[in-house]
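To keep things clear, I will list the structure first and then write my remarks on it.
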Amino acid sequence: MRRLPDRGEIDRARPLRFRFDGRALTGYAGDSLASALLANGVRLVGRSFKYHRPRGIYAAGLEEPNALVSIGRGDARRPNIQATAVPLSEGLEAVSQNRWPSLHLDLQSLTGLAAPLTGAGFYYKTFMGPNARAWMLYEHFIRKAAGLGPPPTGPDPRPAETLHAHCRVLVVGAGLAGIAAALEAAREGDSVLLVERDSLLGGAALSTPPGSQERAHLETLLTALAAQSNVQVLTNTQVFGTYDHGCFAAVEEGEVLQLWLIRAERAVLASGALERGFVFPGNDRPGVMLAGAARTYLNRYGVLCGERAVVFQNNDSGEAVALELAQAGAAVTLVDPRENLDAERRKSLESAGIILRLGSRITAAFGRRLRVVEVSGARDRARLPCDLLCLAGGWSPVLHLASQAGARPRWSDPHAAFLPGSLPGGMAVVGAAAGDFRRVADGEVVPETGWSRPLQPLWRSGEGPMAFVDLQNDVTAKDVRQAHDEGFVSVEHLKRYTTLGMGSDQGRTSNVLGLALMAEASGRTIAETGTTTFRPPYAAVSLGALAGAEVGGAFHLRRRTPLDSLLREEGAVMTHSGLWERAWYFRENGPDLESASCREMEIVRSDAAISDVSTLGKFEIEGPDAAELLNRLYCNGWSKLAVGKARWGVMLRDDGYVFDDGTTARLGETRYVMTTTTAKAEQVLSRIEFLLQTAWRDLRVQVCDVTDHWAAIALSGPNARKVLAKLIGAEQARDLPFLGLLETELAGAPVRLIRVSFSGELGYEVYCPAQDAPSVWRALRRAGAGAYGLEALGALRIEKGHVSAGELDGRTTLDDLGLAAMASRKKAFVGQVMAERPGLQAKDRKQLVGLTAETPLSSGAVLSFGPFAGLGEGRITAATWSPSLGCYLALALLRDGRAQHGREVAVHDPARGRLCKALVRDPHFLDPEGVRQRG
Amino acid sequence: MLRLTAGRIGAPVTFSAFSLLSHALSGRAWPRQWRAAEPAEAYDVVVVGGGGHGLATAFYLAKEHGLRRVAVLEKSWLGGGNTGRNTTIVRANYMEEGNFQFYRFSLDLWRDLSRTLNYNVMFSPRGMVGVAHSPDAMDAYAQRVNVMTLNGLRAELLDLGQMQRLLPYLDYSQRARFPVVGGMIQHDAGTARHDAVAWGYARAADRLGVDIVEGCEVTGYLWKGQRIAGVETGKGPVRADKVVLAVAGHTSLLAAKAGLRLPLESHLLQAFVTEGLKPMIDHVISWSGGHFYISQSDKGGLVFGSDMDGHASYSGRGGIAVARKAAAAAVSLIPALGKARLLRQWGGVVDQTMDGSPFISAAPVPGLYLTGGWCYGGFKAIPASGFCTAWTVAKDEPHPLSACFRLDRFATGRELDEEGSGPYPHLH
Amino acid sequence: MRLICPWCGSRDSEEFAYGGDAWAQRPAQAESDPEAWLAYLYQRDNPRGPHREYWQHRFGCRRWLLVERDTRTHEVTLVTFAEEVGS
């Protein structure tokens, strides 16, 4: 193996240093890692998956099954990268994988000795004893042996971005056929996106020698392409997925990870064809290579992969390779199972010094690095010394993207390949991908395949052990046979039982061989045996590229209230509640959650404090039928609510379970503002929109989401009125009754005040335009209000026995929550009929109760009266320490709970190492008559 | 007699290290794992659908109830539906009474399944870790841990320090959108080799005389008055006293042929796998905040999933949105996974019920039974589903553990709605 | 998938939220027969083929749409405002 002085597209003026397994090597700009390794004489690059066989470079592109390496170091290290798909760069570090202690001495290769025991599916047949947990022990060792590269560590330092493209025509693959298709579409005036995986345009033409017809044609096409302004070309970009309605996904994984989401009206797939080899013992030895790959290394990279080469073909595409290798100075033997060869071609091959062995085949290969091959003819058998064996076993069109779109490939005997079947609308396949192999195989043309002589179908050319079908997963001909014997004859069973084609090379070189061997074993044709269907992605794509930039802190959007920055300035510690960030507690009230929230509860119970409740859903409802809408949505009645008054409402789902609750106020004759819980705001809005646009189109009413337009501040505590009086005047503050609404001005801002209470104290909700929220908050603070956060808010409501998210879990009924009396009997409301189902009325349902205890209670604890069984008698949905009552409180859902008031229940919380007793009682712990809030 | 021997090559072999060794030494070919049976004229029970649920039902009909005239009719190849398309997770962490007991029983059957079937299904109770990012999520986990612990299952609540020791590769930084606060582990949960479950049940059922017929599509029913008396198939009519539907994703279609409308909508659930890596993730990890779950297969691939595509579908082709969502969750939870590469994505059509829980029931049509509505969680249920469905069919009464999975539970208001999402199949 | 919103044009399906079967007829608000509600809420044809369903353009105009889509191929044959369809 050596670099030739005068060949290749590499830039010899730009040498690049790189390392492989620590060895310092040099290549050139334009090299792939694989070509640079070959140029440096590196044959052994990896170890196989199962038997740890030494493996070399087999291909020159994405079909490479063997040459998987880890690239980079530290957090930049990426495992399982095909050396054939990595452009060489200065300082690149590559390390071989799946070997111990070293690539050259891999002790795990001893597993090869056990190969007779470890054929396909052996693990299904053993490792079952001596007890039920035995597999866990075996698995420990099996897992270590499996897998390829070491797992990555740390975040990828490369940035990731997601790009969108719209075009009339997407052309995938910029070989000659793809460029021609792009030009054709562009000349018709279509906007064209031409996407090529390689760094250069030209596809297979780039593997032809200087001065070839293909190269000349390529030059012409590229000149024409450059003149078209309506063609956008993306190189180094792999289209990996076809999705519904003309959507495609492509990726470029360079210094920046770029995911392209493409919407195209039409797509032309010019994705080419991939070569495959033959199955015979030793067909995996380093030095065995696809013929087309040897040609690519020779012409594109100027690397002669062997001095003594054998080219083994069953179709004409090996001849050009043989000729070019011979011209480059290699001693070449051409082996072909076909006998006939016309005189002219025979002459041209022989005059190049090529030894012809027609009517023969390769039956075995030997050497840890390839040293000798066995050639068998009809009568003779010979051993040829060689250091390169090029396999030209036929071509498989790349149909993955069409297959992903649901096009079932059809088998063509003349092509010995699957061709695109009926394609979905808007999709076309051209060039070698469509079975037009003319540019792949030179010479005269047979109309259907482009070959001058028909291919002779040949899959397995030699019998014996270690004859590989799938090089990456070490699936042998024997494994395929065994799968057949055991009844795994469907293609999917074959894949799953033997792991054929399941490796990171996606079986690009092995799928057809496996299918052919199965067809042979079962006495059927390949067409009868089946096809494989392909799923995205065509080529492995890093999760970082798929994920894009919206990871880590940007994983989901972050909703912030209009008071967010002010609260943080005031020392609020934030927590998240769904997508919202909310003030959890204020440092001014204590150093930690527990002490601060207790203090905040005390301030609310003894003085006055404010809390940011802007996250509540807020919808303005306007129209002559606004009250009717509310009557239908809520279980309680709205007809009699006066202008300037508010009411608490509960709504059910259609199935009769409680959906949401909130306060709705009447702003005018036909105008209301509804609030919902933070958690259900979007669902409630969407539901109302649905009903108004479908079943309730008769209602003359509009609903508008004003959640983000209005901030909301809860003001609570016995001194709340005094605080308010300082800002709106004593008179207005005094005259606002419980459940009254006042539209006024506060700190220069127009505000809506609703006198409601979640904490059970005298309370108001102050609604103001979002931009005025900071000044209103500051004014309330200056007027003497403390601040309290979400933790205290939640604890105060427990003391009061108000239900919240823990109880409104989508599985509770009005009666479960003690709210049965809310339901109106005078009107039809959502969920009314289904709420009558026996299961929702049953006596054994779990009902809301209060619990008190001397020891801590926690949400998630479970309850029982006797010994615990099943899910127990109930569970705690919310719990807190109550500074006001001096004990621990909880809300719980308890079976037939209201009948259990006064009983002692066992509270099991082994998760937190607790077990205690609690007293069951009414959930309204504090001021059940509501004296305070009405005061 | 013909029926029992048709298609068999060689005698049945008991799988063991010894039989492996003897085959290796002798070079003798292995026999078929199950006969390539052709349907007989009549059976006691015909099970439609050769996935895990159907094969398990047939196996338990033969093993537990002594039925010998049983056939499984599979339209395509065994295990090709959701049995072979899931993320192989086995767990028992449900919190509705009926579900909890049922999945707990299933877990009991999983433990000994390899030996029951003489087929290594590689059940690996490696532990399933839930990741919590809020005090509320910790409380929800506490309830699960409490219920499991009190019922003899092994589970623990994990604080942040324990999480960091157990799963050092998660992002624990405060920069995370939802910083991790703790988690839980269910020690008895884990994974199994999905294909092996289908093959193991098939082989074991076959050895009990069950006919397993692949490539045999059921196109309709044979009727005797108002009663179903068999099925019409691509291979001709097959009479049966009882017909069981075990056709996940397609239950509505076969039920419709019997004149039934069911509370089901078919949806697409995608799953994803990366290239093989050396061991990295030793547990099953689920992260409800990111709608994400992941484990590492014994071959080294990281198997993960996220939400359903979210609209009614009988297509195996999913969109890229779910893949992107799953990848974003993967990278957000485990930053190193940005450099792992997605190798394959695939989809399975699942029966979504109106409450997210399944059906094991006699159908309103005499002679017809069904196990279905397994939503996106049917794999772990296979042993118990087979066991309880077989019981329901053989005894013509529900098994106590599956009595809650009635078809009429919506009419009676006895839904089993784990998520509290209401009657919207796409939201469960 | 892409859906052509009559208001916003052709957009990625991620902007839309699926709203379920649109063949099921919602009973009149005053309907008190549980059977009617049971049929509406729970019974589905769940066809493999043309399906009539609701979607909301949630991250767009927020209009509810009636869509006819094939559940085998995802081919969309009709998108219209839900309001414009007779109930």
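In what follows, every chain begins at residue 1, and chains take the letters A, B, ... in the order their sequences are listed. Model, not experiment: these values are computed from the prediction.
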Between A/L259 and chain B, with a heavy-atom cut-off of 4.5 Å, which part of the residue counts as in contact: side chain, backbone, both or neither? side chain
Is it the side chain or the backbone of A/H576 that comes within 4.5 Å of chain B heavy atoms, both, or neither? side chain
Pick whichever of A/A805, A/S542, A/A835, A/G544 has the most heavy-atom pairs under 4.5 Å with chain B. A/S542
Residue selection (most heavy-atom pairs with chain B, distance under 4.5 Å) from A/R133, A/E550, A/M834: A/R133
Within the structure provided, determine whether [X] and [Y] are in side-chain contact (heavy-atom separation under 4.5 Å).
X: A/L148; Y: B/K278; value: no
X: B/D282; Y: A/R143; value: yes
X: B/M354; Y: A/D655; value: no
X: B/Q345; Y: A/Q404; value: no
X: B/Y119; Y: A/K125; value: no
X: B/N118; Y: A/M128; value: yes

Can you classify the ring geometry of B/F178 versus A/F555 as parallel (below 30°), tilted (30 to 60°) or perpendicular (above 60°)? perpendicular
Do B/W199 and A/Y124 make the cut of ring centroids closer than 6.0 angstrom? yes
For [X] and [Y], which heavy atoms make the closest approach, and how far apart are they?
X: A/R912; Y: B/D139; result: NH1-OD1, 3.1 Å
X: B/N146; Y: A/D909; result: ND2-OD1, 3.0 Å
X: A/L871; Y: B/E97; result: CD1-N, 3.3 Å

Hey, could you give me the CD/NZ distance between A/E253 and B/K339, rounded to the nearest 0.5 Å? 12.5 Å
